[in-house]
Amino acid sequence: MDFLHWYDWITPTNPQASLFLGIIITLVIGIFVWFDTKKRSTVVLTIVTGVTVTSLGVFFLRWFGFYI
């Protein structure tokens, strides 16, 4: 099983690709939040929330059998 394919940005094919792309998108959103607010606490809250939602999403998708 490969880790990352070129088409994983459309629909991730495995949990590792989902986590990787979810965290990358979360970091990009965190950068936008930093430029908008200039508050470290808001950026940290955004990143922690994004990583938590991504991790829970991957967990539940794997639990429901999406990644076979």
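Sequential numbering from 1 along the given sequence is applied to the chain's residues.
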Discussion item. Using the rule given for side chain to side chain contact (heavy atoms under 4.5 Å, CB included), can you reason through H5 versus D8, listing the C-alpha separation, both sets of side-chain angles and the distance that settles it, and then say yes or no?
Written reply: CA-CA 5 Å; H5 299 285; D8 277 335; 3.8 Å; yes

Practice prompt. Would you check, one step at a time, whether the test side chain to side chain contact (heavy atoms under 4.5 Å, CB included) holds for F35 with I31?
Written response: CA-CA 6 Å; F35 285 128; I31 291 169; 3.5 Å; yes

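Rounding to the nearest 0.5 angstrom, the gap separating the CH2 atom in W34 from the CZ atom in R40 is 6.5 Å. Atom CG of L21 is separated from atom CD1 of I10 by 11.0 Å, given to the nearest 0.5 angstrom. With rounding to the nearest 0.5 angstrom, the CD1 atom of I25 is 8.0 Å from the OG1 atom of T54. Expressed to the nearest 0.5 Å, how far CZ of F66 lies from CG of N14 amounts to 10.5 Å.
In the model, Y67 has no side-chain atom that pairs as donor or acceptor with a side-chain atom of T13 under 3.5 Å.
With T49 as the partner, the side-chain contact (heavy atoms from CB on, under 4.5 Å) test is satisfied by one option alone out of T52, V51, L45: L45.
Put simply, V33 and V28 are part of two different groups of oily side chains (I, L, V, M, F, W, Y) that touch within less than 4.5 Å, one to the next. Two different hydrophobic clusters hold V58 and I23 under the rule that ILVMFWY side chains link at heavy-atom gaps under 4.5 Å.
Side chains of F20 and I24 form a contact here, defined as non-hydrogen atoms less than 4.5 Å apart.
Shortest non-hydrogen contact noted between A17 and L4 is CB-CD1, 3.7 Å.
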